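Here's the structure, in structure tokens; my notes come after.
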Amino acid sequence: MAQYQRTAQTSELTETFLQFILMQTQQALLAMGKHPSRPAGAAPPNLQLGKVFIGHLIMLRMKMEGNLTGDETNALNNAITHLQNAFVEATKEREGKA
């Protein structure tokens, strides 16, 4: 019985962690103006805020190294890579408009 509780708790924590990564990713995309459902007339992109969100995820990856499941590690790595690419794209767009 104790093993089942531990497995259920671990599964719940993994789900919550993945939701957290998704939320941070969405917030970063919104800040950088790269979220697909960005409303018309939204505030201009805030690349510095997007960079902060990316930094937070990188810090999490460093501090949690060796403590994540394979799925958690993949989700975190994919989110960071996606956001870094979006940041570069947003920076190029801003420079092109300047």
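Predicted, not measured: the structure shown is a model, and the values here were computed from it.
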Gap separating the [atom1] atom of [X] from the [atom2] atom of [Y], nearest 0.5 angstrom:
{"X": "L83", "Y": "T25", "atom1": "CG", "atom2": "OG1", "answer": "4.5 Å"}
{"X": "I58", "Y": "Q84", "atom1": "CD1", "atom2": "CD", "answer": "5.0 Å"}
{"X": "I21", "Y": "R61", "atom1": "CD1", "atom2": "CZ", "answer": "10.5 Å"}
{"X": "N46", "Y": "L30", "atom1": "CG", "atom2": "CG", "answer": "11.5 Å"}
{"X": "I80", "Y": "Q24", "atom1": "CD1", "atom2": "CD", "answer": "11.0 Å"}

Heavy-atom neighbours of E12 CD exceed 12 at 6.0 Å: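 Open: at most 12 neighbouring heavy atoms sit under 6.0 Å from CD of E12.
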
So does M59 have more than 12 non-hydrogen atoms from other groups sitting under 6.0 Å from CE? yes

Of all heavy-atom pairs between A31 and G50, which one has the smallest distance, and what is that distance?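 For A31 versus G50, the nearest heavy atoms are CB-N, 3.9 Å.
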
Indicate the atoms forming the closest heavy-atom contact of F87 with L47, along with that distance. CE1-O, 3.4 Å

Name each donor-acceptor pair under 3.5 Å that joins a side chain in residues 35-42 to protein atoms two or more places apart or in another chain, with its distance.
from	atom 1	to	atom 2	distance (Å)
H35	ND1	S37	N	3.1
H35	ND1	S37	OG	2.9
R38	NH2	A43	O	2.3

What verdict does the side chain to side chain contact (heavy atoms under 4.5 Å, CB included) test give for F20 and E15, after you've listed the backbone C-alpha separation in whole Å, the side-chain angles of each residue and the deciding distance to 0.1 Å? CA-CA 9 Å; F20 175 77; E15 184 177 332; over 6 Å; no

Side-chain contact test, heavy atoms from C-beta onward, threshold under 4.5 Å: evaluate it for N85 versus E89 and give yes or no.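 Of all side-chain heavy-atom pairs linking E89 with N85, none is under 4.5 Å.
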
Test of understanding: clusters of I, L, V, M, F, W, Y form through side-chain heavy atoms closer than 4.5 Å, transitively. Do M64 and L76 belong to the same one? yes

When you group the ILVMFWY residues by side-chain heavy-atom contacts below 4.5 Å and let the links chain together, are L57 and M62 in the same group? yes

Electrostatic pair E93-K34, nearest N-O below 4.0 angstrom: yes

Between E72 (side chain) and T69 (backbone), is there a donor-acceptor pair under 3.5 Å? yes

Identify the residue among L29, N77, I54 that makes a side-chain contact (heavy atoms from CB on, under 4.5 Å) with H82.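 Between H82 and the candidates, side-chain contact (heavy atoms from CB on, under 4.5 Å) is satisfied uniquely by L29.
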
